[in-house]
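Scroll down for the structure; my scribbles are underneath it.
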Amino acid sequence: MELAAVILAAGKGTRMKSNLPKVLHQLCGRPMLGHVLNSVAEAGVTKKVVVVGFGSDQVTDFVGDKAKVVIQREQLGTAHALIQAEEELHDYPGNLLVVCGDTPLLRGETLAKLTEMHSQSGAAATLLTAQLENPTGYGRVLRTEVGDVSHIVEQKDASPEELKVKEINTGVYCFKVPGLFAALKEISPANAQGEYYLTDIVQILIKKGLTVKAVTLEDAQEVQGINDRIQLAQAETVLRRRILEDLMAQGVTIMDPNNTYVDRSVKIGVDTVILPFTFLIGDTKIGSDCVIGPGCKITDCLIGNNNEIQYSVLLNSQIGNHTIIGPYAYLRPGTILADKVKVGDFVEIKKSQVGSGSKIPHLSYVGDATIGENVNVGAGTITCNYDGKSKYQTILEDGAFIGSNTNLVAPVKVGRNAVIAAGSTITKNVPDEALGVARGRQTNLADWAKKQRKKS
Ligand code: UD1
Ligand code: MG
């Protein structure tokens, strides 16, 4: 049967103390709403509707074409929020999952299981519940003597007896859509908070002679809602661990999972080892048999196989195979390294291509350059690519040898197998096979030092 989902995300999230809507706060590189949208998609949902309110422009921007958006202008309660989705779902024939936008730990498989139980039982509604040692704050699920769900009572409306119940409403539901919106409109705000409670739907459906079932969650941690930044950090720890364990299950070694930070979107090949204090961010893909870390921050990079990268920052770059990078290299956007390249300590590269077998081992800045194969760039080489107004290109052809402490004043080209004498400031092209020297000639004044000493 067809499956839709409504994600309730109109609340402000007052306790976050933030100008950013709560559901846009990030964990493992993705807003919490992004994780929820992902889980919902994993459960097989084909139609998604997000109810937005506080910060609706920002939330709508983030949702983009991932889901339909409906606006709840005033936050009058969870039932009122769900009714806002009626325009999108009034003639929907299938089932509907309702989840909150602030539960990023909820797994796709849990939602799939809930949906399956719901379909099999033929109930009008199925609740996802959990047993909590400390149920404070949650709605309590009340059952009849024979164990059927009878209703849900909110913390603020519950009697002392009801408050002792440890089975809580997780706020996740599966409904049959036909008849749902009519029933929602029967809900009244006559309760302690003066809100339209979605939880009241339970009694209304039962009164109509329909069945309400409940599925109890095994891992109650999954429905931990996020209300403040402490819970945000706790949830991030859980999510991070899940991501790392998935990678380990796929054949990636993570030496110290407590100190390794990998976004959900990152892909890593088998037998790659990730050492501590490494951040792998965004759209990053790493091949097999690499050693990454310690101490790397790699964002949106495509990295091949058999590479070693330590203590370095890489942004939006592409790395071939068998390269060695770091310690302390900084690869900025547009860097493309071919195979068997070495980029050593304190080297910055920006918007440049480096051919196979080339080496930039120490203390260099390479910007807007095209470097051929088997080029050796000596320590302290600087491409002077910017005159304050425009950027210019440097070309180093195959086999060129750049002596230490060279300034390459762009635009400039060094030909095949050409050699640049150390300490040169090269302002003109150097032909193939030539030696370029551009520095003051050395003069030695005999006994100069001795004479100075005598004078004083
Ligand atoms: C709700 C449930 C409670 C359950 C708990 C689980 C009700 C009445 N109670 O309580 O039984 O134990 O979730 O976490 O449903 N929202 C809107 N518009 C509104 C109000 C809320 O979009 O007008 C959204 C919020 O952004 C949030 C979700 O609905 O994502 C839940 O709202 P919240 O106020 O946190 O409900 P609880 O009081 O926690
Ligand atoms: Mg809540």
Side-chain angles (χ1 to χ4, degrees), residues 5-16 18 20-25 31-33 35-37 39-40 49-56 58-60 63 67 69-86 97-106 125 127-132 134-142 149 151-158 162-163 165-173 175 184 187-204 212 214 216-217 220-228 231-232 235:
V6 171
I7 298 165
L8 304 181
K12 181 170 191 285
T14 312
R15 282 169 286 171
M16 294 302 282
S18 176
L20 190 68
K22 175 163 87 171
V23 293
L24 296 187
H25 281 262
M32 45 181 119
L33 179 57
H35 289 284
V36 175
L37 283 166
S39 301
V40 156
V49 182
V50 181
V51 182
V52 304
F54 179 79
S56 61
Q58 280 165 287
V59 181
T60 304
V63 172
V69 168
V70 296
I71 297 182
Q72 185 193 25
R73 306 228 169 256
E74 271 183 291
Q75 279 73 67
L76 302 179
T78 43
H80 180 259
L82 183 53
I83 288 173
Q84 309 309 307
E86 185 177 11
L97 281 170
V98 174
V99 298
C100 295
D102 64 354
T103 51
L105 298 180
L106 193 62
L127 320 173
L128 186 66
T129 70
Q131 293 285 347
L132 294 190
N134 177 10
T136 310
Y138 288 95
R140 309 297 204 280
V141 178
L142 304 174
V149 174
H151 68 287
I152 300 172
V153 61
E154 291 304 293
Q155 168 92 20
K156 289 187 180 148
D157 301 281
E162 289 167 336
L163 288 176
V165 172
K166 292 196 162 152
E167 186 178 14
I168 61 104
N169 169 33
T170 64
V172 178
Y173 318 81
F175 294 108
L184 284 171
I187 292 173
S188 92
N191 53 53
Q193 302 185 81
E195 282 184 16
Y196 294 88
Y197 287 166
L198 176 52
T199 43
D200 287 351
I201 193 81
V202 171
Q203 266 167 300
I204 290 172
V212 176
T216 305
L217 193 64
Q221 196 176 45
E222 272 191 55
V223 287
Q224 171 70 62
I226 293 177
N227 297 305
D228 58 34
Q231 290 171 332
L232 181 69

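These values consider heavy atoms only, across backbone and side chains, with no hydrogens, waters or symmetry-generated copies. Whatever order the structure lists them in is the order used to number ligands and atoms, beginning at 1.
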Could you list the atoms of ligand 1 found under 4.0 angstrom from a heavy atom of [X]?
{"X": "G11", "answer": "22 (O), 25 (C), 26 (O)"}
{"X": "A81", "answer": "17 (C), 18 (N), 22 (O)"}
{"X": "A9", "answer": "22 (O), 26 (O)"}
{"X": "C100", "answer": "28 (C), 30 (O), 31 (C)"}

Flag the pair [X] / [Y] as yes when at least one side-chain heavy-atom distance between them is below 4.5 Å, and no otherwise.
{"X": "T60", "Y": "V52", "result": "yes"}
{"X": "H25", "Y": "I226", "result": "no"}
{"X": "I168", "Y": "R140", "result": "yes"}
{"X": "L163", "Y": "Q155", "result": "yes"}

- Note on the structure: d(T14 OG1, D228 CG) to nearest 0.5 Å is 11.5 Å
Would [X] count as a polar contact of ligand 1, with the cut-off being nitrogen or oxygen pairs under 3.5 Å?
{"X": "N169", "answer": "yes"}
{"X": "T78", "answer": "yes"}
{"X": "G139", "answer": "yes"}
{"X": "Y197", "answer": "no"}
{"X": "A10", "answer": "yes"}

- Task: Would you mind telling me if ligand 1 is within reach of the side chain of V51, the backbone, both or neither, using heavy atoms under 4.0 Å?
- Result: neither
- Where's the contact between K22 and ligand 1, heavy-atom distance under 4.0 Å: side chain, backbone, both or neither?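 Looking at K22 and ligand 1, no heavy atom falls under 4.0 Å.
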- Item | Closest approach of D200 to S188 (non-hydrogen atoms, all atoms of both residues) | OD2-O, 4.0 Å
Is the closest heavy atom of [X] to ligand 1 under 4.0 Å?
{"X": "T170", "value": "yes"}
{"X": "I168", "value": "no"}
{"X": "E154", "value": "yes"}
{"X": "G77", "value": "yes"}

- Q193: side-chain contact (heavy atoms from CB on, under 4.5 Å) partners, not counting sequence neighbours: K156, N191, E195, Y197
- Message: If the condition is side-chain contact (heavy atoms from CB on, under 4.5 Å), which residues does E162 pass it with, not counting sequence neighbours?
- Response: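 Scan of E162 (side-chain contact (heavy atoms from CB on, under 4.5 Å), adjacent residues dropped) gives L142, H151, V153, A158, S159.
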- Task: Check whether any side-chain N or O of S39 sits under 3.5 Å from a backbone N or O of L106 as a donor-acceptor pair, and report yes or no.
- Result: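 Pair found, side chain donor or acceptor close to backbone of L106.
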- Query: Just checking, any donor-acceptor pair under 3.5 angstrom between side chains of Y173 and N169?
  - Reply: yes
